[in-house]
Structures are given as C-alpha cells and as structure tokens.
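Report on one structure; see the data block that follows.
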Amino acid sequence: AQALACYAKLIAREAVSDPVDQGLCLEALARSANLSCPQSLHDPLLAQLERAALSAARHGHVVRSNVLFALGHCYDKIGAYEQAFASYAKSNRCQLRFTGRRYDPVKARELTEAMIRAFPQRSEDTAQPTASGAAVPLFICGMYRSGSTLIEQVLAAHPEVTPGGEMDFLIRLAAERLAPFPASVAHQDTARDARFAEEYRAHVAGLFPQGLHGTYVTDKRPDNFLLIGFIKRLFPNAKIVHTTRNPLDNGLSVYLQHLVHDVAPYSSDLRDIGHYFGEYRRLMRHWQTLYPESIYSFDYDAFVRSPQSTLEGLFKFLDLPYDAQVLQFHTLKNTVKTASYWQVRKPLYGSASGRWRNYAKHLAPLR
C-alpha cells in the first residue's frame, strides 16, 4: 500500500517537463501496474500503459522495456494472451536491440563440454569433515524460474534449515580467482580445495553473525548447477536439490520475466532459451550420473499437484522429519531478493503449471 501511494504521487506529476522526471513517472506507472493490475480490457490503466509504451521510447530502452513488460503482465492477468505476448515480444526485442545479442550458443556448448572434461569422474573424498553440530551447506540449483526460490522458502520454514539466499561466493571464486574455470581445476588439489572449503564456511558464518541454527544452511543460486563438480570436491557429502518443471513452462517463464542480460543473456529470445535449456540439461545428466545419491530432482509441477507427498520425498532425502508448518512458507518474514519475491508471499498455487498452453501458438522456437 505504501509503495502504491508513492507511485501515485509520481504519476500525478506526469505533466512535468524534465526528461528525468518524465522517465520516473513512467517507471512508477509500470511498477504500480505490476502491483495493482487492471480487471478488464476496458480499464483505463491499459490505455494509459499503451500510451506510456509509445512515449517511453524517448527515455531509453530500460524504461521502455519496463513499461512493455508491465503491459504484458497486465494483459496476461486478464487473459488477453495475444496482446500480452505482443507486449512481451516488443520488450524483449527492445532489450536485444539496445543491449546486443550476447548469448552465444557455441560458447554455451563449449562451456558444457569443458565442465564434463574437467570433472569426468567422481572426486576423491579428501575434505575435512564439518564440525559436529555445525550447519552444513545445502545447495539449490536449476534453471531460472524453475521454482528454486519457492523450495528454499519452503525449506526455510523448517526448524532445521537456515535460509542463506543467493550466495555468490563460489560463482565469484570460479570467475575471478580460478579463471580460467573449469580448466584451472581439472586436476584435484586437496590442499587448495580444503582451503576454499574453509573460506566458504567463514564467508557463510560472516553472513550470520548471530549464528546458524539447525542442520542445513541453504545456498540457492540457479547457476549452482554449473559448479556441482567443484562443489563435490569442496564438500564431498554435500546434498544438492535440483528444481525442475515442464520445459515449456520454464522457458516461457524466463521469456516473460524481465531478466537482465548480464545474468541470463539468453532470456530475450525463445530459441536461445531452448538452446540454453538443452545445455543445462546435458550438464545435469552428467552430474546425476556421477553423483546419483547426492542430487535430488524436485519437480515443481508435482509439488503443486500433491504438496505433502512431494515434500515427504524431499525431507527423506535430507534425513529430516516432515513438518506440516513448511506449507506456511508464505508467512515467513525473511528477505527474498529474487524475481519470485511476490510468489513466495502467497500460499501455494498451481496456475503457473501448464501456463504454456495459453501461448502455445508462439512457442515453436522454444519447442
């Protein structure tokens, strides 16, 4: 409510002449529409957003993309799927035009092959055991928009789990100190791995000055799937939760979510999303062949159909008792900093499962 009130004050200043203020008004309109969608095609807000999308071109591609994504979101919510897809497509084309098409399928394929070459077999278990009573890292990974934030929030509602959110220690380590990764770690170095494992534990401890509680602390990054071979070197007993969902739903959700190209350079083109999904799945098959007992694939679609039975399987994998309170995950007051922050503030719902059917005629490139 407070956010909407702030946006309303900005929108009321729409007649301002300063270009920066005009851009802020358009951003406020987009954010307000995302929070409070129109209820029908006759809602004046839709016409206002359509006009804003035209005028936003003068304020740069970021503002225009934000307005067009908001317009697509509003059309989607009222079931006007043709208009919704047209708006999303315009926004994604805008992103590609002004940020450049950075996704390179050849490099993506080469990265997958480099990972498989660097970690061709199971690592030797030479790491130091975790201190008795200390929370151990639990890694959550999968495609963006596959339910990883949701499952971390569910786990966070269990008394034996501390939610760590999207930690970047390992990703930064691979990109910076271990460049060129993964070639730099193709040969196992016991002393180096032990040192990095200890640095990771110190980093996590620093994030929780009041201390960790329970058996696990989660490290949830979708792109953790790239690092599973390295993770198992550092933490041979680590357990990994791999979130999955229907590929068409997953790919569509990436396309309809305003992801920045620095994070997901494939996200503005359905064919690129499909290609990246194929590489992700190829690498995950490799990790699952090496570590079948350590990786649990958690099916989002099965979860929304049958929450308790699906969660019972997950908690059995984690050697934790099932606690019915975990389905009250939406009542937690913890901070969520991903694109799924609104979804995890609501009770479990199944409307996102099978959503691809609303856009089936447009999904041939993704297919």
Side-chain angles (χ1 to χ4, degrees), residues 92 95-96 99-123 137 139-148 166-189 192-193 196 200 219-235 238 240-245 247 250-251 253-255 257 259-292 294-295 297 338-339 365-367:
N92 279 304
Q95 294 248 87
L96 287 172
T99 62
R101 186 167 181 150
R102 297 175 52 189
Y103 180 71
D104 186 332
V106 174
K107 287 186 177 179
R109 186 165 57 250
E110 288 174 348
L111 177 60
T112 303
E113 290 165 357
M115 289 288 185
I116 294 171
R117 284 196 305 271
F119 303 97
Q121 58 193 16
R122 290 176 68 100
S123 303
F139 296 92
I140 302 173
C141 65
M143 274 288 290
Y144 283 102
R145 312 299 296 161
S146 66
S148 58
E166 294 207 344
M167 299 188 195
D168 64 354
F169 180 87
L170 293 178
I171 289 290
R172 284 191 295 106
L173 180 63
E176 297 168 8
R177 294 163 60 190
L178 290 175
F181 184 90
S184 62
V185 294
H187 300 288
Q188 190 164 355
D189 183 328
R192 178 196 60 196
D193 294 344
F196 286 147
Y200 177 90
D219 181 334
K220 185 211 80 76
R221 281 188 66 100
D223 46 6
N224 274 336
F225 81 86
L226 292 166
L227 303 178
I228 288 176
F230 186 53
I231 286 168
K232 293 297 285 183
R233 288 255 188 95
L234 271 54
F235 307 104
I240 293 141
V241 177
H242 167 222
T243 54
T244 68
R245 67 186 292 198
N250 200 159
S253 187
V254 168
Y255 188 71
Q257 182 67 47
L259 298 174
V260 297
H261 284 189
D262 287 345
V263 170
Y266 51 85
S267 61
S268 291
D269 183 278
L270 288 170
R271 191 176 300 277
D272 288 347
I273 295 168
H275 184 274
Y276 184 83
F277 190 94
E279 292 305 309
Y280 138 78
R281 194 151 60 175
R282 183 157 71 106
L283 185 55
M284 279 306 307
R285 280 197 296 267
H286 176 66
W287 301 138
Q288 288 166 322
T289 299
L290 296 186
Y291 301 106
S294 298
I295 301 173
S297 290
T338 76
L366 175 63
R367 226 181 247 284

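These numbers come from a predicted model, not from an experiment.
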Got a second to check how far L226's CG is from M284's CE, nearest 0.5 Å?
-> 10.0 Å
Are any side-chain N or O atoms of H286 and backbone N or O atoms of F119, one a donor and one an acceptor, separated by less than 3.5 Å?
-> yes
Candidate pair M167 and Y200, rule side chain to side chain contact (heavy atoms under 4.5 Å, CB included), full reasoning | CA-CA 10 Å; M167 299 188 195; Y200 177 90; 3.8 Å; yes
For the residue pair D272 and Y266, what are the closest heavy atoms and their distance?
-> CB-O, 3.5 Å
Looking only at side chains, do S297 and Q288 share a donor and an acceptor under 3.5 Å apart?
-> yes
Indicate the atoms forming the closest heavy-atom contact of R281 with P247, along with that distance.
-> NH1-CG, 3.9 Å
What is the distance from atom CD of E176 to atom CD1 of I171, rounded to the nearest 0.5 Å?
-> 11.0 Å
Inter-residue atom distance H187.NE2 - R192.CZ, 0.5 Å rounding = 10.0 Å
Salt-bridge test for D223 and R221: reply yes if a basic N is under 4.0 Å from a carboxylate O, no otherwise.
-> yes
Sorted by chain and residue number, the ring pair (Phe, Tyr, Trp, His ring centres under 6.0 Å) partners of F277 (sequence neighbours excluded) come out as Y280
Can you say whether the rings of F230 and F181 are parallel (under 30°), tilted (30 to 60°) or perpendicular (over 60°)?
-> perpendicular
Mind telling me whether Y276 and F225 have parallel, tilted or perpendicular rings, with 30° and 60° as the class edges?
-> perpendicular
Between S123 and G229, which heavy-atom pair has the shortest distance, and what is it?
-> OG-O, 4.1 Å
When every non-hydrogen atom of S267 is compared with those of N92, the smallest separation belongs to O-OD1, 3.9 Å
Got a donor-acceptor contact below 3.5 angstrom from the R122 side chain to the L290 backbone?
-> yes
With side chains defined as the heavy atoms from C-beta onward, is the minimum distance between R367 and L270 less than 4.5 Å?
-> no
Any donor-acceptor pair under 3.5 Å from N224 side chain to D219 backbone = yes
Residues passing the salt bridge (Lys or Arg N to Asp or Glu O under 4.0 Å) test with R245, sequence neighbours excluded, are none
Who passes ring pair (Phe, Tyr, Trp, His ring centres under 6.0 Å) against Y144, sequence neighbours left out?
-> none
With sequence neighbours excluded, residues passing salt bridge (Lys or Arg N to Asp or Glu O under 4.0 Å) with R117 | none
Show the numbers, then the answer: is there a side chain to side chain contact (heavy atoms under 4.5 Å, CB included) between F196 and L170?
-> CA-CA 9 Å; F196 286 147; L170 293 178; over 6 Å; no
Kindly list each side-chain donor-acceptor pair under 3.5 angstrom involving residues 106-115, sequence neighbours excluded, with atom names and distances?
from, atom 1, to, atom 2, distance (Å)
T112, OG1, A108, O, 3.2
T112, OG1, E279, OE1, 2.8

Side chain of S268, backbone of Y255: donor and acceptor closer than 3.5 Å?
-> no
With sequence neighbours left out, what residues match D189 under salt bridge (Lys or Arg N to Asp or Glu O under 4.0 Å)?
-> none
Taking all atoms of both residues into account, what is the closest heavy-atom pair of H242 and I295, and its distance?
-> CB-CG2, 4.0 Å
Find the distance between CZ (R145) and CD (Q257) and round it off to the nearest 0.5 Å.
-> 4.0 Å
What's the spacing between K232 NZ and F139 CZ if we round to 0.5 Å?
-> 9.5 Å
Flag for K220-S148: side-chain donor and acceptor within less than 3.5 Å | yes
